[in-house]
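Down below is the structure, laid out as structure tokens.
Throughout, residue positions are numbered sequentially from 1 according to the sequence presented. When a ligand or atom number is given, it counts from 1 through the structure's own listing order.
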Amino acid sequence: MINDIQEKILKLKKEKNCCILAHSYVAKEITEVADFVGDSFQLSAAAKNVDKEMILFCGVHFMAETAKILSPDKKVVLAAPHAGCPMAEQFTPDEVVKFKNEHPDYAVVSYINTTAALKCVTDVCVTSASALNVVGNMEEENILFIPDINLGSYVKENFPQKNIVLWNGGCPVHGRMTSADAEKAKSLHPDALLLVHPECPPEVCEKADYIGSTGGIMKYVDEHNHDEYIIGTEISIAELLSYKYPDKKFYPMHKGLICPDMKETTLMDVYKALLGTGGLEIEMSDEYIKKASGCINRMLELNK
Ligand code: 13P
Ligand code: SF4
């Protein structure tokens with residue numbers, strides 16, 4: 001049954017000259033029909049280079065917006081119209097503009113998990129994979145980092161010489177992990193290495209053997225000859241790794257590491273979006289795209 005729908009999707013995808021981009025947190029049956037699966041940085045780079053007429057995005061709203069900003073000539077459709085990242089809207093552009101007016105010597109660095117409206121008032125964007133490189137390569141010493149206080153703390157710890165102001169936002173999924181959760185997982189699996197996402201709180205990160213983006217965590221496993229891992233990020237990463245390495249063991253750090261928004265996209269959403277009877281087309285004026293693209297392009301330039 002799933003195979004039937006997947007086959008229809010693959011056929012329609014060709015007919016519509018469409019490229020499917022999927023974040024690694026979406027369900028496995030969707031990653032199987034995607035042209036590219038990755039973390040936020042990898043997906044941004046892929047969106048910039050798509051050579052098809054249409055991009056169908058399987059993930060959350062800000063990711064499809066980013067794809068449109070990077071590929072303005074393409075038709076960009078979000079497969080699940082209501083899938084949004086709660087962190088993306090935790091602050092308003094007005095709050096940021098007020099801060100900028102009061103602190104003209106500060107650069108605003110925003111996590112890519114923000115709305116396009118926030119990107120319009122951001123100086124430089126970062127993803128979890130690019131944050132250290134980008135902030136390290138910035139000339140500015142005074143930085144306001146929004147919205148994720150945990151990713152911001154991780155960056156701040158790596159650059160004590162910079163003056164980084166943090167606002168109190170974050171991911172409700174990673175943010176609820178505690179050091180007790182990390183300790184419990186480690187005592188249950190004493191031979192496992194703990195790999196965590198920097199959206200987890202600092203007291204969790206300090207117990208980790210490795211801190212990195214979803215792509216970084218997968219690469220760490222690719223490059224290390226270890227047999228057991230506790231995975232401190234959305235449950236799909238432990239699942240994808242266990243399919244890739246069936247002889248190794250991957251334990252999610254906590255059963256609550258499930259993002260409901262990332263799990264919202266279904267195969268039927270993908271199918272209907274390709275048929276033209278579902279999905280949400282991302283539309284923005286040229287002027288808006290120009291304004292929002294500055295901080296993303298600066299990230300791509302600074303991530304050297
Ligand atoms: P990355 O995939 O860039 O690591 O981000 C994780 C995330 O929470 C995306 O919403
Ligand atoms: Fe947003 Fe967290 Fe879900 Fe990622 S995992 S989309 S940051 S709520």
Below 4.0 angstrom from a heavy atom of Asp39, which ligand 1 atoms are there? Numbered from 1 as shown, please. 1 (P), 2 (O), 3 (O)

Measure the CG-CG distance between Leu274 and Leu12 for me, rounded to the nearest 0.5 Å. 5.5 Å

Could Lys248 and Tyr245 be counted as a cation-pi pair, given that NZ or CZ must be under 6.0 Å from the ring centre and within 45° of the axis? yes

Say you draw a straight line from OH of Tyr229 to CG of Leu241; how long is it, rounded to the nearest 0.5 Å? 9.0 Å

Hey, is ligand 1 close enough to His197 that some N/O pair sits below 3.5 Å? yes

Hey, what do you get for CD1 (Ile112) to OG1 (Thr127), rounding to the nearest 0.5 Å? 6.5 Å

Atom 2 (Fe) of ligand 2: which protein heavy atom is closest, and how many Å away? Cys171 SG, 2.4 Å

Would you mind finding which of His174, Met87, Met63 brings a heavy atom closest to atom 9 (C) of ligand 1? Met63

Atom 2 (Fe) of ligand 2 to nearest N/O/S of His174 below 2.8 Å: no

How long is the straight-line distance from CE of Met87 back to CD of Gln90, given to the nearest 0.5 Å? 6.5 Å

Could you identify the single nearest non-hydrogen protein atom to atom 3 (Fe) of ligand 2 and state the distance to 0.1 Å? Cys259 SG, 2.4 Å

Below the 3.5 angstrom mark, is there an N/O of Ser128, backbone or side chain, next to an N/O of ligand 1? yes

Residue His82 excluded, over 12 heavy atoms near NE2 under 6.0 Å: no

More than 12 heavy atoms of other residues, nucleotides or ligands under 6.0 Å from NZ of Lys249: is that the case? no

Donor-acceptor pair, Ser293 side chain versus Ile289 backbone, under 3.5 Å? yes

Return yes if some donor-acceptor pair links the side-chain N/O of Asn133 with the main-chain N/O of Ser130 below 3.5 Å, else return no. no

Specify the protein heavy atom at minimum distance from atom 8 (S) of ligand 2: its residue, its atom name, and the distance to 0.1 Å. Pro86 CD, 3.5 Å

Please confirm whether the backbone N or O of Thr92 pairs with a side-chain atom of Glu95, one donor and one acceptor, at under 3.5 Å? yes

Is a side-chain donor or acceptor of Asp269 paired with a backbone partner of Thr266 at a separation under 3.5 angstrom? yes

Going by distance only, is there an N or O of Ser40 that falls short of 3.5 Å from an N or O of ligand 1? yes

Distance under 4.0 Å to a non-hydrogen atom of Tyr111: what atoms of ligand 1 satisfy this? 5 (O)

Among all protein heavy atoms, pick the one closest to atom 8 (O) of ligand 1 and tell me residue, atom and distance. Glu199 OE2, 3.0 Å

Any idea which part of Asn113 is under 4.0 Å from ligand 1, heavy-atom wise: side chain, backbone, both or neither? side chain

Counting heavy atoms under 4.0 Å, the part of Glu234 that contacts ligand 1 is neither

One residue to check: Glu199. Relative to ligand 2, which of side chain, backbone, both or neither has a non-hydrogen atom less than 4.0 Å away? side chain

Are Glu199 and Tyr111 close enough that a side-chain donor and a side-chain acceptor fall under 3.5 Å? yes

Residue, atom name and distance, where the atom is the protein heavy atom closest to atom 1 (Fe) of ligand 2: Cys85 SG, 2.4 Å

Nearest-neighbour protein heavy atom for atom 2 (O) of ligand 1, which is reported as residue plus atom name and distance: His23 NE2, 2.6 Å

Reference residue Asn17; test side chain to side chain donor-acceptor pair (under 3.5 Å); the match among Lys75, Glu53, Lys52: Glu53

Determine whether any heavy atom of Met87 lies closer than 4.0 Å to an atom of ligand 2. yes

With heavy atoms and a 4.0 Å threshold, my read on which part of Asn113 contacts ligand 2 is side chain

Check Thr214 against ligand 1 and report side chain, backbone, both or neither, counting heavy atoms closer than 4.0 Å. both

Judging by distance only, is a nitrogen or oxygen of Ser213 under 3.5 angstrom from one on ligand 1? no

Tyr25 heavy atoms, cut-off 4.0 Å: which ligand 2 atoms fall inside? 5 (S)

If you measure from each heavy atom of Gln42 to ligand 1, is any distance below 4.0 Å? no

